[in-house]
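Just below is one structure, and these are the notes that go with it.
All values reported here derive from a predicted model rather than from experimental measurement. Just the heavy atoms: all of them, side chains too, but no hydrogens, waters or symmetry mates, feed the values below.
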Amino acid sequence: MLSAERLAAALVPGAHGQRRAGTGEDFWQYRPATAGDTARSIDWRRSARSDGQFVRDREAQVAQSASLWVSAAAGMDYAGAPSRPAKRDRADLLALALAMALLAGGERVALAGQLPRPGRLQAERIAEALVSRAALPSDEDAPPAEALRPGQRVVLFDDFLGDPQPVLDYLAHAAGLGIGGALMQVLDPDEEGFPWEGAVLFRSGSGALRHDTRDAAGLRDAYLARLAERRALLSRAALASGWHFGTHDTGQPPAQALLWLWSVLEG
């Protein structure tokens with residue numbers, strides 16, 4: 001909670017405008033005064049610059065709804081060095097910090113499949129749900145498409161190294177409902193650079209998949225090419241669905257990823 005709070009404090013959340021006149025704090029437009037406008041509603045400074053009287057409209061603001069999902073697949077527990085957090089720990093931190101920033105901006109937020117709510121207490125509910133959920137015994141996990149609701153924004157945190165089809169189907173379903181959001185791929189630096197050499201036994205997080213090689217360095221180029229292909233696939237699918245695709249490795253400060261998420265959601 002404390003780490004997420006420090007991260008969220010670096011952002012400056014604000015209420016979300018509806019691009020129409022209404023109750024809010026931000027200036028929207030000047031309009032000519034009409035019958036029914038009181039003298040108190042007239043902007044006399046603006047009116048003094050013309051022959052007519054003008055009213056200063058504010059922009060209507062509304063609390064939006066956001067849904068966050070963090071993969072619990074077995075591979076998300078991987079950390080390439082004791083000095084780095086596991087991918088799941090970093091994803092949980094980013095999700096909670098983003099939730100806190102959105103809640104501070106007046107939004108309703110929840111983990112996927114739960115009821116979005118506003119307020120500080122909701123951040124505590126999200127934190128408890130993240131740390132208490134059990135890791136899956138399998139290498140695959142997928143966000144629940146049945147939990148999608150029109151008007152939401154969704155952020156998915158995963159390493160996206162498994163079968164991509166469930167994510168592609170999810171994006172297509174979300175696009176059909178007019179839902180936008182972001183994919184955040186969280187990887188360990190070892191998964192980014194493939195530093196291994198010599199004899200290495202590779203296995204998936206669940207242990208179901210194994211590959212034994214005596215020349216790991218000889219696999220590096222093929223691995224990096226496959227990783228680039230996967231990222232290109234996800235980036236194209238996100239773009240086609242009106243989403244954003246970003247990457248983060250656990251060797252970098254989490255603030256960079258959080259700032260990117262905030263910028264694409266607010267943009």
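- Evaluation of the salt bridge (charged side-chain N to carboxylate O under 4.0 Å, His left out) test over residues 180-193, restricted to residues two or more places apart or in two chains, returns Arg84-Asp188, Arg84-Asp190, Lys87-Glu191, Glu192-Arg231.
- Taking the six-membered ring wherever Trp is involved, the centroid distance between the rings of Phe202 and Phe194 falls below 6.0 Å.
- Of the possible donor and acceptor atoms, none in the side chain of Arg88 sits under 3.5 Å from a partner among the backbone N and O of Pro85.
- Hydrophobic clustering (side-chain heavy atoms under 4.5 Å, transitive across Ile, Leu, Val, Met, Phe, Trp, Tyr) groups Tyr223 together with Trp196.
- Side-chain atoms of Gln152 and Arg149 form no donor-acceptor pair, as typed in the model, at a separation below 3.5 Å.
- Between Glu5 and Arg120, at least one side-chain N (NZ, or NE/NH1/NH2) sits under 4.0 Å from a carboxylate O, which counts as a salt bridge.
- The minimum heavy-atom distance between Glu140 and Gly162, with the atom names listed, is OE2-CA, 3.6 Å.
- The CZ atom of Arg90 lies 12.5 Å from the CG atom of Leu187; values are rounded to the nearest 0.5 Å.
- Looking only at distances, a side-chain donor or acceptor of Gln185 sits under 3.5 Å from a matching main-chain atom of Asp159.
- Separating the CG atom in Leu201 from the CZ atom in Arg214 is a distance of 11.5 Å, to the nearest 0.5 Å.
- Scanning both residues, Asp249 and Gly251, for their nearest heavy atoms gives OD1-N, 2.7 Å.
- Note that CD1 of Ile126 is 9.5 Å distant from CE of Met1, once rounded to the nearest 0.5 Å.
- Residues meeting the side chain to side chain contact (heavy atoms under 4.5 Å, CB included) test with Ser71, sequence neighbours left out: Trp69, Ala73, Met76, Asp141, Asp158.
- Other residues, nucleotides and ligands contribute at most 12 non-hydrogen atoms within 6.0 Å of the CD atom of Glu128.
- The minimum heavy-atom distance linking Ala97 with Ala8 is given by the pair O-CB, 3.5 Å.
- Hydrophobic clustering (ILVMFWY, side-chain heavy atoms < 4.5 Å, transitive): Leu177 and Leu68 are in distinct clusters.
- Asp92 has a carboxylate O that lies under 4.0 Å from a charged side-chain N of Arg133, or vice versa, which qualifies the two as a salt bridge.
- For Leu148 against His173, the heavy-atom pair with the smallest separation is CD1-CD2, 3.5 Å.
- In this structure, the side chain of Ser241 does not engage the main chain of Ala238 through any donor-acceptor pair within 3.5 Å.
- Not less than 6.0 angstrom separates the ring centroid of Trp243 from the ring centroid of Phe245.
- Annotation for Pro164 and Arg230: closest pair CD-NH2, 3.5 Å, computed over non-hydrogen atoms.
- Arg153 places a side-chain N or O within 3.5 Å of a backbone atom of Leu265 that can act as its donor or acceptor partner.
- Note: Leu258 CG to His248 NE2 = 10.0 Å, rounded to the nearest 0.5 Å.
- Rounded to the nearest 0.5 Å, atoms CG (Asp89) and OG1 (Thr250) are 10.0 Å apart.
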